[in-house]
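From a predicted model like this one, the values you see are computed outputs, not experimental measurements. A note on names: the letters A, B, ... follow the listed sequences, proteins ahead of strands, and every chain is numbered from 1.
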Amino acid sequence: MATKPSIPKGTRDFSPTEMLRRKYIFSTIERVFQKYGFLPLETPAMENLETLTGKYGEEGDRLIFKVLKRGAELERALEDRSKGLAAEALRYDLTVPFARYVVQHQHEIAFPFKRYQIQPVWRADRPQKGRYREFYQCDADMIGSTSLINEVELVQLFDDVFTDLGLKVVVKINDRKVLSGIAEVSGQPEKVVDIVTAIDKLDKIGREKVEEEMRAKGVSDAAIQGIAPLFELSGTWSEQRPVLERWLAASATAQQGLKDLSFTFDAVGAMKSAVLEFDPTLARGLDYYTGAIFEVKALEGSLGSSICGGGRYDDLTGVFGLKGMSGVGISFGADRIYDVLQETGKFPAELGGSTRVLITNFGAAEAMHGLKLLRQLREAGIAAELYPDAVKLAKQFKYANDKGIGYVAVIGESELQSGTVTLKDMRTGEQRSISEAELIAVVSS
RNA sequence: GUGGAUGUAGCUCAGUUGGUUAGAGCGUCGGAUUGUGAUUCCGAAGGUCGCCGGUUCAAGCCCGGUCUUCCACCCCA
């Protein structure tokens with residue numbers, strides 16, 4: 001007997017209902033990406049293993065899904081383990097494949113290059129709620145420009161997407177240069193990574209535990225004291241800015257970061273659905289971000305975790321041999337946006353895709369006539385179906401009901417003779433007899 | 001990768017200190033209505049109790065292993 005079928009851990013099937021909703025999210029994001037001048041790009045599901053290893057830190061390397069060698073190559077690898085059992089791996093994110101693409105095709109690309117990419121990525125992580133081993137990323141990056149106008153546009157892009165999705169969000173922004181400045185001013189600039197990863201957890205574990213963690217990582221009490229002003233920071237950017245300028249006066253790096261942030265705040269202007277907020281505790285993706293850092297959180301729903309991220313990286317393509325290419329990019333977490341929209345009931349009630357009208361099937365003659373009508377309806381741009389089998393009518397009506405089809409056009413023997421259809425509005429339950437010529441007009445209104 | 005929970009019908013879940021033939025609601029299917037869904041009434045089907053092994057006269061229940069899902073950490077979308 002066949003064993004019960006299943007799918008790998010951390011992967012999911014998406015039902016038609018779920019897919020309509022997912023496509024709604026993807027197409028909303030894609031439309032905005034295009035409006036901002038980003039062009040589509042796709043890269044293979046698999047990359048050469050060496051393209052990926054070492055790009056995500058020690059922790060990241062462990063989470064890369066490796067693809068086992070096959071055939072004779074595998075036999076050889078099993079005998080001599082020194083070269084490893086895998087030469088390829090599934091992509092871990094979209095940014096590194098993008099960097100690889102840019103380097104490989106640098107002579108064909110016109111810079112600044114703006115691309116978007118909506119594809120699944122894989123991580124050999126331990127699944128949890130909202131964390132999968134296969135999930136989609138929706139990335140937009142521009143590379144080959146250091147202008148802060150890019151940062152400004154990305155903030156506006158966030159605003160546009162979430163306005164279209166009808167969700168209130170906060171866009172948090174920070175600058176890696178400010179974080180370096182904080183470490184500088186504290187007197188232990190070499191501890192910047194430890195300081196920053198601890199600060200990053202502030203809203204989750206609180207000030208005391210953050211200080212505890214810094215102490216555990218070897219940050220001195222004097223330095224922790226020096227970071228204290230961070231915890232007292234409050235108010236809007238215009239209130240925060242002078243405080244930061246005074247506190248971080250000794251660090252030229254920090255001053256530059258503050259200047260850049262101010263430019264972004266000033267240039268963004270009024271926003272529709274998003275609130276822009278400076279968050280000094282924001283540190284994500286420290287490995288390659290060098291300037292601005294972005295994160296978006298929903299102001300509705302209970303998810304709490306971030307639904308988008310991004311930032312500027314000064315030397316993303318350097319590891320592949322192309323130096324001095326600065327880029328800035330963002331990523332939408334479609335799966336988490338789905339959860340928030342689902343929880344807050346923000347999905348549109350009717351998401352296209354469902355058939356508008358179903359023609360009943362009473363038998364060969366009626367069906368052949370229905371087929372002709374079906375063609376006319378479709379020519380008129382109306383999604384229509386003919387029930388394929390001449391089963392009892394209740395079953396055909398139930399099919400329409402379950403599928404959310406708006407109208408059922410009953411064509412039996414009497415309708416066939418009189419050239420009419422009996423049209424039932426499935427929402428109201430009303431039913432009336434109309435001529436075939438009227439059908440398209442009534443159904444499309 | 002570390003620590004802790006979880007798994008019973010398609011779905012959500014009951015199931016007594018281990019005791020005969022494992023239940024409910026929803027859904028599905030059939031009928032009431034051979035030309036009408038959603039609502040109503042009647043009826044039926046559907047389970048190797050995640051899987052493998054052990055203890056026992058007897059296991060859905062106890063023990064071990066394994067897998068899944070979930071939670072915390074790590075990290076992250």
Side-chain angles (χ1 to χ4, degrees), chain A residues 1-13 15 25 29 56-64 91-95 118-139 197-198 200-201 204-205 209 213 282-287 294-298 303-311 329-340 358-363 366 387 390-416 421-433:
Chain A
M1 193 166 143
T3 49
K4 217 176 194 176
S6 63
I7 55 174
K9 162 164 62 172
T11 65
R12 296 154 295 163
D13 286 323
S15 69
I25 294 172
I29 293 170
Y56 308 105
E58 208 177 306
E59 188 72 13
D61 280 357
R62 190 170 58 79
L63 299 178
I64 292 172
R91 83 168 92 74
Y92 178 89
D93 72 355
L94 301 179
T95 308
I118 300 176
Q119 288 189 275
V121 301
W122 294 268
R123 292 185 190 177
D125 204 356
R126 193 136 154 185
Q128 258 181 54
K129 197 180 187 69
R131 279 175 84 160
Y132 306 98
R133 304 218 291 186
E134 179 187 59
F135 62 95
Y136 273 73
Q137 287 191 333
C138 313
D139 277 26
T197 45
D200 189 47
K201 295 174 187 161
K204 210 172 173 184
I205 61 176
K209 296 237 166 157
E213 187 172 322
L282 180 60
R284 66 194 347 278
L286 208 76
D287 283 354
F294 301 111
E295 182 171 283
V296 177
K297 285 189 173 186
L303 191 64
S305 57
S306 70
I307 53 178
C308 304
I330 54 173
S331 180
F332 287 79
D335 296 281
R336 289 183 180 176
I337 292 171
Y338 183 101
D339 290 343
V340 175
L358 176 77
I359 297 173
T360 60
N361 187 333
F362 274 79
E366 291 90 343
Y387 199 89
V391 297
K392 58 185 230 170
L393 205 54
K395 196 175 168 91
Q396 303 189 33
F397 267 91
K398 185 165 161 46
Y399 173 81
N401 192 63
D402 291 348
K403 212 171 160 182
I405 296 175
Y407 293 94
V408 174
V410 181
I411 301 172
E413 200 182 349
S414 59
E415 286 90 350
L416 200 57
V421 303
T422 300
L423 187 69
K424 178 160 183 170
D425 183 328
M426 294 298 281
R427 204 170 46 82
T428 63
E430 275 171 47
Q431 185 168 304
R432 59 182 167 141
S433 177

Flag for A:K395-A:Y399: side-chain donor and acceptor within less than 3.5 Å: no
Pairing partner of B:G60 (Watson-Crick or G-U wobble, both distances under 3.5 Å): none
Atom P, compared across B:G18 and B:C70: separation rounded to whole Å: 31 Å
A:Q431 and A:T422: CA distance, side-chain angles, deciding distance, side chain to side chain donor-acceptor pair (under 3.5 Å) verdict: CA-CA 7 Å; A:Q431 185 168 304; A:T422 300; 5.3 Å; no
Evaluation steps, salt bridge (Lys or Arg N to Asp or Glu O under 4.0 Å), between A:K201 and A:E213: CA-CA 10 Å; A:K201 295 174 187 161; A:E213 187 172 322; 3.0 Å; yes
Same-atom distance (P) from B:U6 to B:G50, integer angstrom: 13 Å
Same-atom distance (P) from B:G64 to B:G23, integer angstrom: 30 Å
Inter-nucleotide C1' distance (B:A22, B:U16), Å rounded: 14 Å
Watson-Crick or G-U counterpart of B:G35, or none if no pair lies under 3.5 Å: none
Complement of B:A44, any strand, by Watson-Crick or G-U distances under 3.5 angstrom: B:U28
Rounded distance (Å) that lies between atom C1' of B:U69 and atom NZ of A:K9: 10 Å
Closest non-hydrogen atom pair, A:I405 against A:L358: CG2-N, 3.6 Å
Separation of the P atoms in B:C63 and B:U21, to the nearest angstrom: 24 Å
A:R133/A:D125 salt bridge by N-O under 4.0 Å criterion: no
Candidate nucleotides B:A77, B:G37, B:G35, ranked by approach to the side chain of A:S414 - the nearest: B:G35
Side chain of A:E59 (C-beta onward), nearest among B:C74, B:G37, B:U36: B:C74
B:G47 and B:G19, which share atom name P, separated by this distance in whole Å: 24 Å
Distance-only donor-acceptor test, A:E415 side-chain atoms vs B:G35 base atoms, 3.5 Å: yes
For atom CG of A:D402 and atom P of B:C26, their distance in whole Å: 16 Å
B:U12 and B:G27, which share atom name P, separated by this distance in whole Å: 15 Å
Length of the CG-P vector between A:L358 and B:A38, whole Å: 15 Å
ring centroid sep under 5.5 Å plus plane angle under 30, A:F332 with B:A77: no
Quiz item: A:Q431 side-chain donor-acceptor pair to B:U36 base, under 3.5 Å: yes
Out of B:G37, B:C71, B:C75, whichever nucleotide has its closest atom nearest the side chain of A:Q128: B:C71
Contact nearer the 5' end of RNA chain B, comparing A:Q137 with A:R126: A:R126
Sugar-phosphate, base or nothing in reach of A:G429, heavy atoms under 4.0 Å: base
Side chain A:K424 and base B:U36 donor-acceptor under 3.5 Å: yes
Given RNA chain B, 5'-ward residue of the pair A:S331 and A:I205, judged by closest heavy atom: A:I205
Residues A:R432, A:D425: salt bridge by 4.0 Å N-O rule: no
Donor-acceptor pair present, A:R131 side chain and B:C75 base, under 3.5 Å: yes
Base-pairing mate for B:C73 - Watson-Crick or G-U, with both contacts under 3.5 Å: B:G1
